[in-house]
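Notes to accompany the following structure.
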Amino acid sequence: MLIDSHAHLNFEAYKDDLSEVIGRCLQEKMKVINVGAAYDTSLKAVNLALAEPSFHSSIGLHPIHVYDEEFIVENFQDLIKSSKGRVVAMGETGFDYFHLWQALEKHDKSVEEVKAKQAKVFKAHIKLAKENNLALIVHGRNGKEDKTAYQDIYKLLKDEGASRGVIHCYGGNLEEAKKFVELGFYLGFTGIVTFDKTGVLEEIIKWIPEDKMLIETDAPYLTPVPYRGKRNEPSYVKHVAEKIAEIKNKSVEEIIEITGNNAIKLFGLK
Ligand SMILES: [Zn+2]
């Protein structure tokens with residue numbers, strides 16, 4: 001089954017034509033996990049899942065937003081409770097060292113302070129995921145010079161005893177990929193695989209065990225070839241599957257089947 005394991009139809013980008021975009025998802029007979037990045041977009045993701053049976057939701061506070069609002073545990077706990085089982089994961093959460101400067105400039109914080117704040121919020125997500133038997137959707141992004149985001153994510157997940165989740169839009173190296181998979185994590189691949197020229201993702205996809213890979217759009221961002229430059233949407237995730245099929249020397253149907261089963265298993269989708 002075609003499953004987009006990470007999309008943001010809950011974002012402003014779809015405010016004018018959401019029903020058309022949803023219509024194209026239904027046409028594909030696919031499932032979609034809409035992911036929150038703050039409390040309001042988490043609430044929207046839950047409401048989408050309550051309205052549309054083939055949608056599920058993940059709720060959380062993105063590491064780039066940890067100074068825009070407080071992560072209030074009770075509010076997220078209440079959201080899980082009221083969601084009738086339509087919340088399947090906590091996140092996206094993790095470390096983002098690419099946008100550190102925003103927090104530094106806007107909120108007058110030091111690098112250490114921002115990292116510590118992201119770690120604190122990340123840990124709170126892990127705790128909620130464990131208490132509610134949910135998966136984790138982890139976001140990582142290295143800085144232009146600071147390439148330690150994935151190492152720090154690994155260390156924190158390991159220290160907190162987390163083993164169920166996905167490192168979405170994976171952007172670390174092969175060595176780090178091996179450690180995440182060893183820990184029990186899945187890796188999510190986006191449209192970047194269709195235009196990445198570095199060869200790193202291809203190397204990782206060649207290596208990754210089939211039962212540990214997921215496909216995703218991260219829509220509205222990261223639009224795959226042949227739609228580069230346009231707004232992304234879940235139905236385009238099949239282009240990610242096509243590229244992975246080519247790299248792994250399998251048919252697209254097989255990759256759709258494998259990644260669909262992986263998502264169903266990880267998130268306990270019904
Ligand atoms: Zn995302």
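We count ligands from 1, going down the list as the structure has it; atoms in each ligand are counted the same way. As the structure is a prediction and not an experimental result, all values here were calculated from the model.
Within E92, OE2 is the N, O or S atom that lies nearest to the Zn ion (ligand 1). When the N, O or S atoms of D218 are ranked by distance to the Zn ion (ligand 1), OD1 comes first. For H6, the N/O/S atom at the shortest distance from the Zn ion (ligand 1) is named NE2.
Using a cut-off of 2.8 Å, one finds that H8 contributes an N/O/S atom close to the Zn ion (ligand 1).
With respect to the salt-bridge test (charged N to carboxylate O, under 4.0 angstrom), the residues E70 and K117 qualify.
Side chain of N262 to backbone of E210: a donor-acceptor contact under 3.5 angstrom is found.
Counting heavy-atom neighbours within 6.0 Å of N249 CG, excluding the residue itself, gives a total of 12 or less.
Every side-chain contact (heavy atoms from CB on, under 4.5 Å) that K206 has, sequence neighbours left out, goes to E202, I247.
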